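These notes are about the structure you will find just below.
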Amino acid sequence: MKIILDNPVNHSALWRLMCIFALFVFLAAITSTALLIRQKRYRLLWAALPMVFIAYFMEQCFVMAILGYAYSRIAAGLLNSIVSLPDWLLFTFCAAFAFAQVLLMHSIRLYEKKRITTMSVKEAMDSLPVGVLCYAPGIRVLLVNHAMQDFCRKITGTVLEDGETFCRSLQGGELLPECSRVTVGGESVIVLPDSTAWKISESDVPYENHTVRMVLASEITQVYHKTQELQEIQQRVEKLGQRLQKVNREIVALTAEREILNARVRIHDEMGSNLLAIRRFLLNGGTEAEKAELMDSLYRSVAFLKKDSSVRVQDEYELLISMASRLGLAISVTGELPQTEPHKHIVATAIHECLTNTIRHAHGDELRVDLSENKDTIKAVFTNNGVQPTETVNEKGGLKSLRELIVQAGGSMTIEVQPVFTVTIKLPEECEDGI
Amino acid sequence: MENRNRLYERVSEIAKPQLEQIDGLLTKQDGCGTKELARIAVLEAYIKRRSNMELLAASGTLTVVELVSAVTESLDYIRLCGVNTAASSVGTGAYPSEMVIAAYEHIEAIAEESLDTLSDIIVTLRSAGKQLVVRMMLKAENFAYETNGHWQVGAGFSRKVAITKENQDMIIVLTFTEEGERK
């Protein structure tokens, strides 16, 4: 039943405009409410929902006022009251209401702009060089980015669809033949056919009252290769260390051997020269000066063995010349005597030994030493003017020790009996010192 | 250097009595004459050979050849003291270094102790199997061989001494027997 209004609107153009206005506000209020729900901003609904109802009420009022009737007395009474209000007041109310709606829409738009959406999260993830996978056990993959998909294709040859299966493959499952799984610093690393290395790390992260498994695949190619280089260097250093230890042991053994040999030679030399001098003195006699010199030499020998620190250290050649002079023997040297060690010590030892043999076996009074130097060898030839041996000379005692000394220094020694007894020694320019 | 010092110390220790004797002869109040020099030569020859044996003993064995060389050289210098000497040897081989050194020390000690009155000495060395026999024939006045042993006594061998004396002639037979299996 239609009830005609008491005061129908007589300026319908304005009311029509306000009616359309109210309709738009109503539609905007509905949209705002929906957007707020999507944004999960439930607190603002207290403003948006009343606007929907008010806008709907206004729109209905305006429509019925323009038509000039209502369908109930209450509505008619309410409309009569509204219609009786001044037009400017109604228009101002509509404008204020629309302004409020604009503010609400603006707020929603601003919020949309500031807020990170799921899409933006996915977009950001896809742009990451690190592979990211989030999955909940028993559920399909929640999040996977391009890098992880690509990584999965490279190692398994399939698309990543099941997080758990993929993780099992990573942890020890089957990979494509070109891929290899290594452990670096206690962490699992997968090396791809293109030589890139990927570190896999897994962790549990809380997400909306649940626990989600997050798998990260980070490219550590440079670190991996540097680590490999370091490991190779470490291995080389370790091997070098072992070799050095071996060399050290050999050096210690060699040094000990040489020291023993030197001790033998030294004692042999000291005692041998004294014995020869005593024999010569006792058999041939000598002056008091010669005797004094002999006594001095004996004192020195005894002091040397008794650890007397006052023993005078003399040049080896000087000692030999002095000793030869004491024994009435001449040493003729052609060429230059080596002055660097160990050559000096070896040549001096050889002179001493040949001196002893000249007196003892050859009964001569001159020892000739002929020294020459080639590009990288020092050669010394020893001969004497005594009785030459007729048989092969057996090396023992002094000659044997001399040969050992020369061989240890990397040199050689030859003994010839015919035409004259000749001892030839050859020493390399670069001798192994340690004597 | 440690090795070398240790060796010199060892040689000094071994040759201490001889070194002391040489020192005493060199500083003798009434001067060091030819007799003393000859005696010094005997002592020095011993030091030389004994130290050589000590250094060679590192391998654990010493050859009879080395012992014969040492005895020959010692006798060579004993001759300077006016003693008639002779040495001979039968057999070769190697024996525990301690045993060979003990043999040389015995020969040297007997020679040194009898040197003042010694006029003749013949040393014969015979090696056969595990035995090394040293037979010494001496002619010396008032010489009594004492088998007290400050000489080297080592594990691995046994020593037996047999002495026969008639007037000034004395025959001392030292038998050294290597214990255990021959290497």
Side-chain angles (χ1 to χ4, degrees), chain A residues 251-286 288 290-292 294-309 311 356 360 394-401 404 434-435, chain B residues 1-16 18-28 31-59 63 65-66 68-70 73-74 76-77 79-82:
Chain A
I251 287 172
V252 169
L254 196 64
T255 308
E257 202 179 315
R258 282 186 172 173
E259 282 179 358
I260 291 169
L261 181 63
N262 284 343
R264 271 174 69 185
V265 171
R266 179 82 194 257
I267 294 168
H268 185 273
D269 287 357
E270 287 281 335
M271 297 295 154
S273 66
N274 285 343
L275 288 168
L276 281 173
I278 294 171
R279 178 195 288 274
R280 197 173 185 85
F281 185 82
L282 290 175
L283 294 177
N284 305 334
E288 279 303 310
E290 283 171 342
K291 187 183 171 188
L294 176 60
M295 299 274 281
D296 185 44
S297 175
L298 289 168
Y299 273 128
R300 272 208 308 271
S301 297
V302 173
F304 164 68
L305 280 176
K306 287 173 82 178
K307 295 283 166 204
D308 188 342
S309 58
V311 180
T356 308
R360 190 154 185 202
N394 289 325
E395 283 177 37
K396 53 186 179 182
L399 276 175
K400 197 175 168 188
S401 299
E404 283 176 24
I435 297 164
Chain B
M1 284 304 287
E2 272 179 31
N3 268 315
R4 197 187 313 208
N5 288 338
R6 208 164 45 240
L7 283 167
Y8 284 140
E9 275 166 23
R10 178 85 183 117
V11 170
S12 299
E13 194 186 313
I14 291 163
K16 199 178 173 185
Q18 283 75 21
L19 288 169
E20 293 297 335
Q21 280 189 62
I22 295 171
D23 215 14
L25 290 165
L26 287 171
T27 53
K28 210 172 173 185
C32 179
T34 51
K35 190 183 166 191
E36 285 75 22
L37 277 175
R39 188 153 189 136
I40 288 169
V42 174
L43 297 168
E44 288 233 351
Y46 170 73
I47 295 170
K48 178 187 161 189
R49 283 297 177 173
R50 177 66 183 80
S51 58
N52 200 42
M53 279 184 179
E54 190 62 32
L55 297 168
L56 291 172
S59 62
T63 59
V65 174
E66 182 63 29
V68 171
S69 298
E73 187 159 6
S74 284
D76 207 13
Y77 287 97
R79 200 177 296 133
L80 291 176
C81 299

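Proteins come first, then strands; the chains are lettered A, B, ... in the order of their sequence lines, and each starts at number 1. As the structure is a prediction and not an experimental result, all values here were calculated from the model.
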Quiz item: Which atoms of B/Ile22 come close to chain A, meaning under 4.5 Å heavy atom to heavy atom: side chain ones, backbone ones, both, or neither?
Solution: side chain
Self-check item: Member of B/Ile47, B/Leu25, B/Leu19 meeting the side-chain contact (heavy atoms from CB on, under 4.5 Å) criterion with A/Val302
Solution: B/Leu19
Quiz item: Quick one: CG on B/Leu37 to NZ on A/Lys291, what's the gap to the nearest 0.5 Å?
Solution: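 The CG atom of B/Leu37 sits 6.0 Å away from the NZ atom of A/Lys291.
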Quiz item: When rounded to the nearest 0.5 angstrom, what distance separates CE in A/Met295 from CD1 in B/Ile40?
Solution: 6.5 Å
Practice problem: Heavy-atom distances under 4.5 Å only: say whether A/Tyr299 touches chain B with side chain, backbone, both or neither. | Solution: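 Both parts, backbone and side chain.
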Quiz item: If you count heavy-atom pairs under 4.5 Å with chain A, which of B/Leu80, B/Thr34, B/Leu26 comes out on top?
Solution: B/Leu26
Quiz item: Under 4.5 Å between any side-chain heavy atoms of A/Leu282 and B/Tyr77, yes or no?
Solution: no
Quiz item: Do A/Leu275 and B/Glu73 have side chains that get closer than 4.5 Å, going by heavy atoms?
Solution: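 Yes, at least one pair of side-chain atoms sits under 4.5 Å.
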Quiz item: What are the two closest non-hydrogen atoms of A/Ile278 and B/Ala41, and how far apart are they?
Solution: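 Looking at all heavy atoms of both residues, the closest pair is CG2-CB, 3.7 Å.
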Exercise. Mind running side chain to side chain contact (heavy atoms under 4.5 Å, CB included) on B/Glu44 and A/Leu298 for me, showing each step along the way?
Key: CA-CA 9 Å; B/Glu44 288 233 351; A/Leu298 289 168; 3.2 Å; yes
